[in-house]
Asker: 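First the structure, then my questions, so here it is.
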Amino acid sequence: MWKWLHPYAKSEHAYRIAGLWLPWFAVISVVTFAAGLVWGLAYAPADYQQGDAFRIIYIHVPAAILSMGAYSSMAIAAFIGLVWQIKTSDMAVAAIAPVGAVFTAIALFTGAAWGKPMWGAWWVWDARLTSELILLFLYLGVIALYNAISDKVLAGRAAGILALVGVINLPIIHYSVEWWNTLHQGASITKFDRPSISNDMLWPLLLMIVAFSAFLGAVTLMRLRNELIRREAHRPWVGQLAEKQDEV
């Protein structure tokens, strides 16, 4: 059933495919970042309660969504690596983790900056904030574990197990505002039948989510290619690649 996956799991094929997709993700990211930021910061109407302070939503919400999206992608890669013993998947875990950690840190920082004028405090031990902080610790744990073990096969398995264990935190983050009485507001854009946000504010936000998603893809592919070169430096295909670069 999964035989189709193995040709793409080969290091040289993964490097080539990542190189083909990288420019597309990069272009989409740049275009949507520019359009979303200009639209959201300059043309979207001010919120009737929060004024212009609400505009931090265009950074905070995409970063928060992609912090969980990146972790989900990392967990899927970890599962494939553990079940089918595909080392490229372990490298994908190592490539995604730092990007996801940065998104989580951005979400926490912008959330604190947004919370100060709204709640009167930079930080409260709110269920969603606390579970998002735990997500950051999980990312840092995966990064530290992968880099602490010199045997990268063993390191990939250990980091993959930790990534899979941490998946339990994702539904806690998502449903925390429904399960507990928290200060954090509920969903605004995932209620597709009737989003509780004006279309003038919604569309630039959706553009920013696309921008963050494409940025995640571009940086992950870039990091994956670097990890492939580093781990497979002894392989003939890497030597041939280096020779081609020298000729250029």
Side-chain angles (χ1 to χ4, degrees), residues 5-30 33 62-107 135-167 169-170 209-235 237-238 241-242 245:
L5 186 63
H6 290 281
Y8 299 99
K10 293 181 179 179
S11 299
E12 56 187 304
H13 292 168
Y15 183 88
R16 178 179 58 82
I17 293 169
L20 291 175
W21 282 101
L22 177 58
W24 290 96
F25 279 107
V27 170
I28 293 171
S29 178
V30 170
F33 258 122
I65 291 174
L66 268 300
S67 68
M68 293 187 289
Y71 199 94
S72 299
S73 300
M74 185 176 70
I76 292 170
F79 180 79
I80 293 172
L82 288 169
V83 174
W84 287 281
Q85 302 294 303
I86 297 176
K87 62 182 178 180
T88 308
S89 296
D90 295 336
M91 297 183 206
V93 171
I96 295 170
V99 190
V102 170
F103 281 174
T104 308
I106 292 173
L135 183 66
L136 177 60
F137 291 152
L138 286 168
Y139 273 123
L140 296 178
V142 170
I143 296 168
L145 194 57
Y146 186 82
N147 289 288
I149 303 174
S150 57
D151 183 346
K152 290 307 176 187
V153 175
L154 181 60
R157 291 177 183 174
I161 292 172
L162 177 58
L164 288 174
V165 170
V167 168
N169 191 46
L170 297 183
I209 293 172
V210 173
F212 271 76
S213 302
F215 182 80
L216 171 64
V219 177
T220 297
L221 291 175
M222 192 181 304
R223 286 182 50 79
L224 178 60
R225 281 164 62 89
N226 291 339
E227 186 71 11
L228 284 165
I229 292 294
R230 187 175 69 85
R231 291 272 301 274
E232 303 292 305
H234 60 287
R235 299 289 185 182
W237 70 270
V238 177
L241 185 65
Q245 293 295 327

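Everything numeric in this text was worked out from a predicted model, so none of it was measured. In what follows, residues are counted from 1 in the order of the sequence shown.
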Asker: Checking Ile65 against Phe212 for the side-chain contact (heavy atoms from CB on, under 4.5 Å) test, could you report, in this order, the C-alpha distance in whole Å, the side-chain angles of both residues, the deciding distance, and whether it holds?
Answerer: CA-CA 9 Å; Ile65 291 174; Phe212 271 76; over 6 Å; no
Asker: Salt bridge check, Glu232 against Lys87: does any charged N sit closer than 4.0 Å to a carboxylate O?
Answerer: yes
Asker: Can you tell me how far the CG atom of Leu22 sits from the CD1 atom of Ile17, to the nearest 0.5 Å?
Answerer: 13.5 Å
Asker: Any donor and acceptor pair, going by atom type alone, linking the side chain of Ser67 with main-chain N or O of Ala64 inside 3.5 Å?
Answerer: yes
Asker: Check Arg231 against His234 and note the closest heavy-atom contact, atom names and distance.
Answerer: O-CE1, 3.5 Å
Asker: What orientation do Phe33 and Phe215 show, parallel under 30°, tilted 30 to 60°, or perpendicular over 60°?
Answerer: perpendicular
Asker: Is the ring pair Trp237/Tyr15 parallel, tilted or perpendicular, if the boundaries are 30 and 60 degrees?
Answerer: tilted
Asker: Which pair of heavy atoms, one from Ala97 and one from Val142, lies closest together, and at what distance?
Answerer: CB-CG1, 4.1 Å
Asker: Measure from the side-chain N and O atoms of Tyr139 to the backbone N and O of Val102, and report whether any donor-acceptor pair falls under 3.5 Å.
Answerer: no
Asker: Would you say the side-chain atoms of Thr220 pair up with the backbone N or O of Leu216, donor to acceptor, closer than 3.5 Å?
Answerer: yes
Asker: Where the side chain of Arg157 meets the backbone of Gln85, is there a donor-acceptor pair that is under 3.5 Å apart?
Answerer: no
Asker: Here's a test for you: under side-chain contact (heavy atoms from CB on, under 4.5 Å), which of Asn169, Thr104, Val165 qualifies with Leu138?
Answerer: Asn169
Asker: Do the non-hydrogen side-chain atoms of Ser11 and Arg235 ever get within less than 4.5 Å of each other?
Answerer: no
Asker: Looking at CD1 of Ile229 and CE of Met91, how far apart are the two atoms once the value is rounded to the nearest 0.5 Å?
Answerer: 10.5 Å
Asker: Search all heavy atoms of Ala105 against all heavy atoms of Leu136 and return the closest pair with its distance.
Answerer: N-CD1, 4.4 Å
Asker: Find the distance between CD1 (Ile96) and CG (Leu221) and round it off to the nearest 0.5 Å.
Answerer: 9.0 Å
Asker: Any non-hydrogen side-chain atom of Leu135 less than 4.5 Å from a side-chain atom of Leu170?
Answerer: yes
Asker: Heavy atoms only: give me the nearest Ala75-Ala163 pair and the separation to one decimal.
Answerer: CB-O, 4.3 Å
Asker: Please check if the side chain of Lys152 supplies one atom and the backbone of Tyr146 the other of a donor-acceptor pair under 3.5 Å.
Answerer: yes
Asker: Kindly compute the distance separating CZ (Arg223) from CG (Leu228), expressed to the nearest 0.5 Å.
Answerer: 12.0 Å
Asker: Specify the closest pair of heavy atoms between Leu224 and Ala92, including all atoms of both residues, with the distance to one decimal.
Answerer: CD1-N, 3.9 Å
Asker: Apply side-chain contact (heavy atoms from CB on, under 4.5 Å) to Asp90 and Val153, showing your working.
Answerer: CA-CA 8 Å; Asp90 295 336; Val153 175; 5.7 Å; no
Asker: If you round to the nearest 0.5 Å, how far is CG of Leu154 from CD1 of Ile149?
Answerer: 4.5 Å
Asker: So which heavy atom on Ile106 is nearest to which on Ala63, and how close?
Answerer: CG2-CB, 3.8 Å
